[in-house]
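In what follows, a structure is listed as structure tokens, so that the remarks can point back to it.
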Amino acid sequence: RGGSVGAKVDDGADDEEMTSDQRLVDKRGVRDDMDDETYHMRQVATRMAGDEDDNGDEVEDVTFQGGYRIPGDIYAKLFDYQRTAIKWLWELHTQQAGGIMGDEMGLGKTVQITAFLAGLHHSGL
């Protein structure tokens, strides 16, 4: 496939004149990695961007036992299994224990860790 993920391309060509390799680049000039799961998750994240729910109301923070608070706008955007991972990470943290996150590629390990760290920061912990 040549090129790297995230490579910027600006050839000025119209969609009709583009080669199949050039079609892998989105409107921002970022190369698509051809991973359907990651693409779907990016679409969902883009649609859900913002600090309000679908009704325009502000989303309340979620508080766990022990004082851990995660911003509601972040928590609302997580899939159920990612929310479970956040709870698990909090349990490990309260026990001063370590853990290993491992699953299939594209399920959001980075998102889960980032959300957990955002919650620690938001909680002042």
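Predicted, not measured: the structure shown is a model, and the values here were computed from it. Only this structure's heavy atoms are used, side chains among them; waters, hydrogens and symmetry mates stay out.
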Give me the atom names and distance for the closest heavy-atom approach of [X] to [Y].
{"X": "Ile70", "Y": "Ala115", "answer": "CD1-O, 3.6 Å"}
{"X": "Gly99", "Y": "Leu92", "answer": "CA-CD1, 3.7 Å"}
{"X": "Pro71", "Y": "Gly119", "answer": "CD-CA, 4.3 Å"}
{"X": "Lys109", "Y": "Asp103", "answer": "NZ-OD1, 2.9 Å"}
{"X": "Val59", "Y": "Ala76", "answer": "CG1-CB, 4.3 Å"}
{"X": "Leu107", "Y": "Gln112", "answer": "O-NE2, 3.5 Å"}

Residue pair Leu120, Trp90: steps toward the side chain to side chain contact (heavy atoms under 4.5 Å, CB included) verdict: CA-CA 9 Å; Leu120 286 177; Trp90 174 240; 4.1 Å; yes
Stepwise side chain to side chain contact (heavy atoms under 4.5 Å, CB included) check, Val62 with Arg83: CA-CA 11 Å; Val62 176; Arg83 292 175 181 172; over 6 Å; no
Hey, what do you get for [atom1] ([X]) to [atom2] ([Y]), rounding to the nearest 0.5 Å?
{"X": "Tyr81", "Y": "Trp88", "atom1": "OH", "atom2": "CH2", "answer": "15.0 Å"}
{"X": "Ile113", "Y": "Ile86", "atom1": "CD1", "atom2": "CD1", "answer": "7.5 Å"}
{"X": "Gln82", "Y": "Lys87", "atom1": "CD", "atom2": "NZ", "answer": "13.0 Å"}

Aromatic plane relationship, Tyr68 with Phe64 - under 30° parallel, 30 to 60° tilted, over 60° perpendicular: perpendicular
Donor-acceptor pair, side chain of Ser123 and main chain of Arg69, under 3.5 angstrom: yes
His122 atom NE2, neighbour heavy-atom count above 12 within 6.0 Å: yes
Within-4.5 Å side-chain heavy-atom neighbours: Leu89 and Met101: yes
